[in-house]
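What follows is one structure encoded as structure tokens, with my remarks underneath.
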Amino acid sequence: MKISRITSSHVLTTLDLLQVTYPEASCALTHQNPWQLLVATILSAQCTDVRVNLVTPVLFKRFLDPASLAVADQVEVENLIRSTGFFRNKAKNLIGCAAALVRFHKNVVPQELTALIALPGVGRKTANVVLGNAFDIPGMVVDTHVGRVARRLGWATARTPEGVEEQLCKLLPSGRWTQTAHVLIFHGRQCCRAQTAWCSACPVVDRCPQVGVGRQK
DNA sequence: ATCCCGAGGG
DNA sequence: CCCTCTGGAT
């Protein structure tokens, strides 16, 4: 199958199959607005969404908006988010983030990648999650897993992460960018591995143009 | 004991 | 590139 024959709906179906196979890969952060999503995403580093969702309601009840969090006592914030890990860094970043929004962004979350990354505690990954899930702006972090799996599935041909990102964003339907990156990472780690692919156990073998590439487990 | 859907700093 | 920051799950 050539790349030109890969359609959006074909990709979507494949994605759904992968999602069913790796349910834990789906993003389950609860939020009502970009600000809450930003906070939840910062907290989600090295921590499950379930644990993040346990602390955010308390945090948002105590600090309603960026303005109140910006002047919060760091130790109080630390105690509220302790169970999400890296709590000292996260508390400092959360407060710093809120302060930057107040100071430079009129209290609202910016919609530009560079502006988001400039916020404390916000890197490429967090920024892309916020852009995609809160503003529906295309973008995803392409690591080696995402690149390899996307190429094997025929969804991308580019060799650089940036090239793959561009091809995937064009191919994928609105709002599926971060979810796709995540599910491809899971698939790449657990089944479609770099050295030994496990095609006989692959949930999407029949949709893969390169079944049997490389060594097989 | 080891791994994790990350970010920042050396 | 390598390290560190942390708790919780496995």
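Within every chain, numbering begins at 1; the chains are lettered A, B, ... in the order of the sequence lines, protein sequences first and strands thereafter.
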Has A:K125 got a side-chain N or O lying under 4.0 Å from the OP1 or OP2 atom of B:dG6? yes

Starting at NZ of A:K92 and ending at C1' of C:dT4, how long is that distance when rounded to a whole Å? 12 Å

For A:S44, answer base if it contacts any base atom (sugar-phosphate contacts may also be present), sugar-phosphate if it contacts only those atoms, and nothing otherwise; contact means non-hydrogen atoms under 4.0 Å. nothing

Expressed in angstrom and rounded to an integer, what is the separation of A:I81 atom CD1 from C:dG7 atom C1'? 12 Å

Please state how far atom CG in A:D49 lies from atom C1' in C:dA9, giving the value in whole angstrom units. 14 Å

Judged by nearest nucleotide, the residue sitting upstream toward the 5' end of DNA chain B, A:A28 or A:I117, is A:A28

When all nucleic acid strands are considered with a 4.0 Å heavy-atom cut-off, which category describes A:L119: base, sugar-phosphate, or nothing? sugar-phosphate

Whole-Å distance between C:dG7 C1' and A:N79 CG? 14 Å

Are any side-chain N or O atoms of A:H105 and backbone N or O atoms of A:P110, one a donor and one an acceptor, separated by less than 3.5 Å? no

Show every ring-ring contact (aromatic ring centres under 6.0 Å, His included) that has at least one partner inside residues 37-94 of chain A, sequence neighbours left out. none

Could you check whether A:G85 gets within reach of a base, just the sugar-phosphate, or nothing at all, counting any heavy atom under 4.0 Å? base

Please pick, from C:dT6, B:dG6, C:dG7, the nucleotide with the shortest atom-to-atom distance to any side-chain atom of A:R88. C:dT6

Out of C:dG7, C:dC5, B:dA7, which has the shortest distance to the side chain of A:F86? C:dC5

So, the side chain of A:D65 versus the backbone of A:S68: is there a donor-acceptor pair under 3.5 Å, distance only? yes

For A:F186 and A:P120, find the nucleotide of DNA chain B closest to each by heavy atoms; which residue's nucleotide sits nearer the 5' end? A:F186

Under a 4.0 Å threshold between the charged nitrogen and the carboxylate oxygen, would A:E78 count as salt-bridged to A:K92? no

d(CD1, A:I42; P, C:dC5) in whole Å: 20 Å

Is the number of heavy atoms from other residues, nucleotides or ligands within 6.0 Å of CZ (A:R189) greater than 12? yes

Atom CG of A:L29 and atom C1' of B:dC5: how far apart are they, to the nearest Å? 10 Å

Nearest-angstrom distance from the residue atom CG of A:L94 to P of B:dG8: 13 Å

What distance, rounded to whole Å, do you find between the two P atoms, one in B:dG10 and one in C:dT6? 16 Å

May I ask you to list the residues sharing a hydrophobic cluster with A:V205, side-chain cutoff 4.5 Å, ordered by chain and number? A:V211

Classify A:V129 by what it touches in the nucleic acid, base, sugar-phosphate, or nothing, heavy-atom distance under 4.0 Å. nothing

Among B:dC5, B:dG6, C:dG7, which is the nearest nucleotide to the side chain of A:T126? B:dG6

Among C:dC5, B:dC5, B:dC4, the one nearest any side-chain atom of A:R189 is B:dC5

So, OP1 or OP2 of B:dG6: does either fall under 4.0 Å of a side-chain N or O from A:Q46? yes

Would you mind reading off the distance between A:N89 atom CG and C:dG7 atom P, rounded to a whole angstrom? 12 Å

